[in-house]
Amino acid sequence: MIQSNILDIKIKKTKNSKINTLDWDNLVFGRAFSDHMFVMDYKDGKWCNAQISEFKDLNFSPATSVLHYGQTIFEGMKAYRNEDNSAILFRPEENAKRFNISAERMCMPEVPVPMFLEALKTLLDIDREWIPTKSGNSLYIRPFMIATDPYVGIRPSETYKFIIFSCPVGKYYTESVPVKIETKYSRAVSGGTGYAKAGGNYAGSLYPALLAQKDGYRQLIWTDAKEHKYIEEAGTMNVVFQIGNTLITPKSSDTILAGITRRSVLDIARDWGYKVEERKVTVKEIIDAIKNNSLVEAFGAGTAATIAQINLIHFDGIDYKLNDPSKSEFSNKLLAYLTSYKMGNEEDKFNWLVKF
Ligand SMILES: *Cc1c(COP(=O)(O)O)cnc(C)c1O
């Protein structure tokens with residue numbers, strides 16, 4: 001049951017469910033959409049017109065400000081469903097809070113956390129059957145906000161839409177990935193918007209990622225924009241290295257997005273007795289660790305993939321092969337535990353799950 005009732009959501013369910021058209025055994029990431037979506041408007045300084053309707057196209061003026069200046073933010077989260085038909089969300093309040101951190105940076109209105117959660121739960125309750133039950137599959141949820149003033153002058157919009165839709169998905173990466181340490185282009189600069197999930201960050205990262213993909217690397221390891229000496233993130237994931245018995249990861253900053261997966265991974269690692277260091281990580285120490293055989297493993301951490309193991313790191317013209325990820329003790333154990341935890345099959349010892 002959905003407890004809170006702040007929004008007074010108008011619900012119009014579709015008569016043409018697409019659920020039987022879905023190939024549940026071959027879910028492709030982000031191409032199939034659940035039946036319904038949540039939409040609400042911001043105008044005259046408040047949120048209004050909360051509604052859930054069928055998933056459908058939006059209608060806009062070509063002058064709509066988001067289309068020109070990119071005033072837009074998003075979140076990415078997942079829902080799971082267990083045998084007793086409970087929908088399970090993993091730390092959803094953290095997404096709601098981060099959404100508002102992004103909103104502030106982009107001059108957009110806050111969506112109060114209880115409102116965000118009510119919209120989310122009401123939508124998921126209606127599309128409950130779309131939440132996969134098979135291990136490894138999940139419902140990927142995309143909350144986002146866009147600036148909707150039909151105005152081509154540059155200023156923060158006065159109107160916005162907050163929307164949530166969802167897609168049933170399978171695994172994001174099915175195998176480990178080769179990555180390249182990027183030392184020319186940058187994802188984020190100090191004082192910029194790197195810590196926000198703001199649309200423009202991703203647009204700007206496409207070109208360098210494409211160049212790397214042409215050379216056979218699946219993702220970039222971003223370094224600091226000033227000296228390209230410090231490691232920041234792996235593509236759109238946080239990055240974690242294991243050297244000896246210690247897990248090392250770049251500390252969150254205004255150029256690094258504070259991932260919920262990363263934070264959860266570190267909590268679990270500490271609980272399992274690993275040493276954890278959140279600090280500046282130099283490219284040099286990672287390359288040195290590969291050379292002297294002390295780098296045990298490396299992986300990306302983010303909601304879409306959960307854990308993406310890295311099998312090769314390219315730096316400065318040289319490909320460094322890492323240990324075979326299929327034998328990596330920590331990340332394989334971690335992935336199995338987190339997957340099972342998110343499906344409600346482990347004791348919720350960290351109090352991370354929201355079931356309804
Ligand atoms: C979303 C995102 C992450 C991962 O955050 P999670 O909360 O773990 O999903 C990391 N880096 C960037 C740039 C991101 O956009």
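Ligands are counted one by one from 1 in listed order, and the atoms in each one are counted from 1 as well.
When only non-hydrogen protein atoms are considered, atom 8 (O) of ligand 1 lies nearest to T261 OG1, 2.6 Å. Of the protein's heavy atoms, K197 NZ, 2.5 Å lies nearest to atom 2 (C) of ligand 1. The closest protein non-hydrogen atom to atom 4 (C) of ligand 1 is G302 CA, 3.9 Å. Summary of contacts: the protein heavy atom closest to atom 9 (O) of ligand 1 is T303 OG1, 2.5 Å. In this structure, the protein non-hydrogen atom closest to atom 11 (N) of ligand 1 is E233 OE1, 2.5 Å. Atom 3 (C) of ligand 1 has as its closest protein heavy atom T236 O, 3.3 Å. At the top of the distance list for atom 15 (O) of ligand 1, counting protein heavy atoms only, stands Y202 OH, 2.4 Å. Looking from atom 5 (O) of ligand 1 to the surrounding protein, the closest heavy atom is G259 CA, 3.3 Å.
Other residues, nucleotides and ligands place no more than 12 heavy atoms under 6.0 Å from the CZ atom of R31. Within 6.0 Å of atom CD in E93, 12 or fewer heavy atoms from other residues, nucleotides or ligands are found, so the atom counts as exposed in its surroundings.
Relative orientation of the F33 and F55 rings is parallel, given thresholds of 30° and 60° on the angle between their planes.
Taking distance alone, with nitrogen or oxygen atoms compared against 3.5 Å, R98 approaches ligand 1 more closely than that limit. The shortest N or O to N or O distance between I260 and ligand 1 is below 3.5 Å. The N/O atoms of R262, backbone and side chain alike, include none that comes under 3.5 Å of an N/O atom in ligand 1. Between N95 and ligand 1, a contact under 3.5 Å exists for no N or O pair.
Under 4.0 Å from ligand 1, not a single heavy atom of E94 appears. Here R187 has side-chain heavy atoms under 4.0 Å from ligand 1, and that is the only part of it that gets that close.
Of the listed residues (T339, L338, N332), just one forms a side-chain contact (heavy atoms from CB on, under 4.5 Å) with L335, and that residue is T339.
Aromatic pair F315/Y320: ring centres not closer than 6.0 Å. In this structure, F299 has its ring center at least 6.0 angstrom away from the ring center of F241.
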Fill in: Step-by-step ring pair (Phe, Tyr, Trp, His ring centres under 6.0 Å) determination, F74 to Y202
CA-CA 11 Å; F74 68 94; Y202 304 84; 5.0 Å; yes
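Judged purely by distance below 3.5 Å, without hydrogens or angles, the side chains of S340 and E346 pair a donor atom with an acceptor atom. For the residue pair D348 and Y341, a side-chain donor N or O sits within less than 3.5 Å of a side-chain acceptor on the partner.
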